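These notes concern the structure reproduced below.
Each chain gets a letter, A, B and so on, in the order the sequences are listed, and its residues count up from 1. This is a predicted model, so every value here is computed, not measured. Side-chain atoms are counted along with the backbone in the values below, which use heavy atoms only and exclude waters and symmetry mates.
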Amino acid sequence: MKKAINNAKLESLFEKELVKELYQYGDLKYFTAGEIIMDYGKYIRSMPVILKGTVKVFRKDAQGKEILLYYLSDNESCSMAYGCCISAKKSEVKAVAEEDGELLAIPFVKLNDWLCQYNSWRDYIFNSFNERFLELLNSIDIMAFGNMQHRVRQYLNAKHDLNDRNSVLVSHHQIADDLASTRVVISRILKQMENEGEVILYRNEIKLNKLFFQRVHKPGSEE
DNA sequence: CCATTAAGATACT
DNA sequence: AGTATCTTAATGG
């Protein structure tokens, strides 16, 4: 009945008994790139822990535009989901799979039990909250005070962190969607960044130069 | 080849 | 910064 789960990272993160319970009560689900894992207004009955792959979490603004809040990847969880579970609220966010992957859906009835029972689970939940909170602060910062160029830099940097190389595989259109902007605007900004030597543009690919990394952590270096 | 789609360009709001 | 429109370039059948 139950699928055999074997995840070394989980086993290093939690004590043996909890891992056993995770495997027993968690529901292993596979998702494919582009799949909507969670949508606005839906009730959440389980808390997802991402085992593999990357998930983007969106929020709708007042004008109905979607903006990217943060990414979730290996062994990370959505703290929004936790709050929704225990208070039986509807989802405020939408989660879309960036790439194929798998997640472990934890039934909400177990969440509180484990919180009391296992130190590692409590640490994990609090850590998850804290990380997400920091990312949110960062996002607010960018949206409220930053200009588009800064936002694009942050976006490229975040996407770069998730993978590996010094290039990001993404279309201008995709960036525009994620930042609630338009293709032309993103193209303009990227072109300018290219002229200044920060990046090199290709079709569906953006190479990041040294100058980019010098600037990305310094908001004060706009033109 | 041609169809589709990404990206560049220009002009206007 | 965003919209509309057109042109050009890359990609895949």
When you match Arg203(A) and Arg188(A) each to their closest nucleotide on DNA chain C, which lands nearer the 5' end?
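Looking at the nearest nucleotide for each, Arg188(A) comes out on the 5' side.
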Which residue, Ile189(A) or Val184(A), contacts DNA chain C at a nucleotide closer to its 5' end, judged by nearest heavy atom?
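Comparing both residues, the 5'-ward one is Ile189(A).
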Measure the distance from [atom1] on [X] to [atom2] on [N] and round it to the nearest whole Å.
X         : N       : atom1 : atom2 : result
Asp177(A) : dA6(B)  : CG    : P     : 10 Å
Ile200(A) : dA7(B)  : CD1   : P     : 15 Å
His173(A) : dT3(C)  : NE2   : P     : 12 Å
Asn204(A) : dA10(C) : CG    : P     : 13 Å
Gln192(A) : dA9(B)  : CD    : P     : 13 Å
Gln149(A) : dG2(C)  : CD    : C1'   : 17 Å
Tyr202(A) : dA10(C) : OH    : P     : 13 Å
Glu205(A) : dA9(C)  : CD    : C1'   : 16 Å

Glu15(A), Glu17(A), Glu21(A) screened by side chain to side chain contact (heavy atoms under 4.5 Å, CB included) with Gln117(A), the one that passes
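Of the listed options, the one satisfying the test is Glu21(A).
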Quick check on [N]: is either OP1 or OP2 less than 4.0 Å from any side-chain nitrogen or oxygen of [X]?
X         : N      : answer
Lys191(A) : dG8(B) : yes
Ser187(A) : dG8(B) : yes
His172(A) : dT5(B) : no

NZ (Lys207(A)) with more than 12 external heavy atoms under 6.0 Å:
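Incorrect, the count does not exceed 12.
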Is the base of dG8(B) touched by the side chain of Arg183(A) through a donor-acceptor pair closer than 3.5 angstrom?
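Answer is yes: a donor-acceptor pair is held.
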Ion pair present between Glu196(A) and Arg215(A), side-chain N to carboxylate O less than 4.0 angstrom?
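A salt bridge is present here (some side-chain N lies under 4.0 Å from a carboxylate O).
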Is any side-chain heavy atom of Tyr202(A) closer than 4.5 Å to one of Ile206(A)?
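No, every pair of side-chain atoms sits at 4.5 Å or beyond.
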